[in-house]
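Read the structure below first, then the notes.
Read the numbers this way: they start at 1 and go in the same order the structure lists the ligands and their atoms. All values derive from a computational prediction rather than experimental measurement.
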Amino acid sequence: MKSFCLLAAAALLASCGGSGSSSSDSGSSASLASNGPKPPSQFGLCMSCHSSEKGAPNRIGPNLAGVIGRKAGTAPGFAYSDAMKGSGIVWNEDQIARFIVNPSAMVPGTKMMIHGPRDPAAQKAITSYLAQISQ
Ligand code: HEC
């Protein structure tokens with residue numbers, strides 16, 4: 001158990017703090033994701049700014065666990081742009097696919113400055129992963 005926390009400390013400090021999922025079976029200590037699905041390779045780009053494990057700290061961007069169905073700009077403790085907070089979006093898969101291709105076209109003034117994949121299959125891999133971690 002201890003070694004799990006040491007191994008994963010860099011990425012998962014928060015989830016080792018005790019309050020996380022207190023399920024007694026910590027058998028899968030080898031896997032980095034404490035629970036839930038493994039991110040697809042297409043999510044690698046997003047991971048440079050976003051954590052996706054439940055309860056993991058915000059990075060340059062907000063934690064994305066639970067993002068589907070969440071109102072834009074409401075992850076606790078993250079300093080969003082006014083543009084994002086005022087966007088009125090409630091995220092679903094289609095909107096996220098549209099957002100990542102050209103974030104500032106959808107939310108003018110957003111702080112997210114990337115151009116994500118245009119390939120619909122790559123978008124789908126990302127958004128269905130986000131849907132899985134939002135249940
Ligand atoms: C260079 C850093 C960076 C990368 C790479 C990045 N993001 Fe972001 N993302 C941000 C920032 C910063 C915000 C907050 C934007 C704001 O406040 O305007 C954000 C916000 C978001 C939001 C809105 C979240 C909310 O709580 O309202 C979603 C959804 C999102 N990003 C998805 C993605 C996906 C999917 C990818 C990968 C394709 C990705 N991001 C890649 C920095 C990044």
Side-chain angles (χ1 to χ4, degrees):
M1 283 249 297
K2 279 264 158 48
S3 65
F4 169 67
C5 282
L6 285 176
L7 263 175
L12 289 175
L13 201 56
S15 68
C16 289
S19 64
S21 72
S22 56
S23 96
S24 54
D25 109 87
S26 48
S28 60
S29 55
S31 131
L32 188 64
S34 51
N35 50 18
K38 211 169 154 305
S41 60
Q42 293 89 341
F43 192 71
L45 164 69
C46 322
M47 287 169 78
S48 51
C49 295
H50 291 282
S51 56
S52 59
E53 302 85 15
K54 208 170 175 191
N58 297 319
R59 295 193 191 142
I60 294 170
N63 178 286
L64 290 180
V67 73
I68 303 269
R70 185 165 83 192
K71 193 163 177 289
T74 57
F78 185 79
Y80 288 94
S81 63
D82 290 342
M84 184 61 77
K85 284 188 289 195
S87 68
I89 296 168
V90 176
W91 293 114
N92 63 27
E93 286 194 54
D94 286 347
Q95 282 167 317
I96 289 180
R98 194 148 66 85
F99 178 66
I100 60 181
V101 174
N102 189 349
S104 50
M106 187 168 170
V107 183
T110 180
K111 294 200 288 187
M112 180 161 143
M113 297 288 177
I114 64 148
H115 289 280
R118 292 184 170 277
D119 171 21
Q123 293 171 355
K124 186 66 195 163
I126 292 171
T127 60
S128 38
Y129 170 65
L130 293 177
Q132 286 175 56
I133 61 169
S134 297
Q135 279 161 9

Exercise. When you measure from atom 29 (C) of ligand 1 to each heavy atom in I96, T110, N63, which option holds the nearest one?
Worked result: I96
Exercise. Are I100 and C46 close enough that some pair of their side-chain heavy atoms sits under 4.5 Å apart?
Worked result: no
For this session: Please round to the nearest 0.5 Å and tell me the distance separating atom OG of S52 and atom CD1 of I126.
Result: 11.5 Å
Problem set entry | F43 side chain reached by L64 side chain, heavy atoms, under 4.5 Å | yes
Exercise. Should you measure from each heavy atom of W91, which atoms of ligand 1 turn up under 4.0 Å away?
Worked result: 23 (C), 24 (C), 25 (C), 27 (O)
Without placing hydrogens or testing angles, list every side-chain donor-acceptor pair under 3.5 Å for residues 102-115, not counting sequence neighbours.
residue	atom	partner	partner atom	Å
T110	OG1	M112	N	3.1
K111	NZ	A79	O	2.5
H115	ND1	V101	O	2.9

For this session: Enter the distance from S128:OG to Q123:CD here, rounded to the nearest 0.5 Å.
Result: 11.0 Å
Show me the side-chain donor-acceptor pairs of residues 67-76 shorter than 3.5 Å, one per line, residues at least two apart or across chains.
residue	atom	partner	partner atom	Å
R70	NH1	A65	O	3.2
R70	NH2	N63	O	2.9
T74	OG1	K71	O	2.6

Problem set entry | Protein heavy atom at shortest distance from atom 26 (O) of ligand 1 | Y80 OH, 2.5 Å
Exercise. Within a radius of less than 6.0 Å around CG of D119, do more than 12 heavy atoms belonging to other residues, nucleotides or ligands occur?
Worked result: yes
Exercise. Atom CG of N58 and atom SG of C49: how far apart are they, to the nearest 0.5 Å?
Worked result: 12.0 Å
For this session: Would you check if Q42 and P117 make a side-chain contact, meaning some heavy-atom pair closer than 4.5 Å?
Result: no
Exercise. Does ligand 1 have an atom under 4.0 Å from some heavy atom of R70?
Worked result: yes
Distance-only donor-acceptor hits, side chain of residues 84-93, under 3.5 Å, sequence neighbours excluded:
residue	atom	partner	partner atom	Å
S87	OG	M84	O	2.9
S87	OG	I89	N	3.3
N92	OD1	D94	N	3.1
N92	OD1	Q95	N	2.8
E93	OE1	K124	NZ	2.9
E93	OE1	T127	OG1	2.9

For this session: Report yes or no: do I96 and I60 belong to one cluster of Ile/Leu/Val/Met/Phe/Trp/Tyr joined by side chain heavy-atom distances under 4.5 Å?
Result: no
Exercise. Which protein N, O or S atoms does atom 8 (Fe) of ligand 1 have within a distance shorter than 2.8 Å?
Worked result: H50 NE2, M112 SD
Problem set entry | Closest approach of P37 to Y129 (non-hydrogen atoms, all atoms of both residues) | O-CE1, 3.6 Å
For this session: Give the atoms of ligand 1, by number and element, whose distance to some non-hydrogen atom of L45 is under 4.0 Å.
Result: 5 (C)
Seminar exercise, completed: In ligand 1, the atoms that come under 4.0 Å of a heavy atom of F99 are 21 (C), 22 (C), 28 (C), 30 (C), 31 (N)
For this session: Can you sort out which atoms of ligand 1 are near F78, meaning under 4.0 Å from one of its heavy atoms?
Result: 14 (C)
Seminar exercise, completed: To atom 12 (C) of ligand 1, the nearest of I89, I60, I126 on a heavy-atom basis is I60
Problem set entry | Atom indices of ligand 1, in the order listed, that fall short of 4.0 Å to a heavy atom of G73 | 25 (C), 26 (O), 27 (O)
Problem set entry | Atom indices of ligand 1 within 4.0 angstrom of A72 heavy atoms, with elements | 27 (O)
Seminar exercise, completed: S48 heavy atoms within 4.0 Å reach ligand 1 at atoms 5 (C)
Exercise. Does ligand 1 have an atom that lies less than 4.0 angstrom from a heavy atom of A83?
Worked result: no
Seminar exercise, completed: ligand 1 atoms nearer than 4.0 angstrom to some heavy atom of S81 are 16 (C), 17 (O), 18 (O)
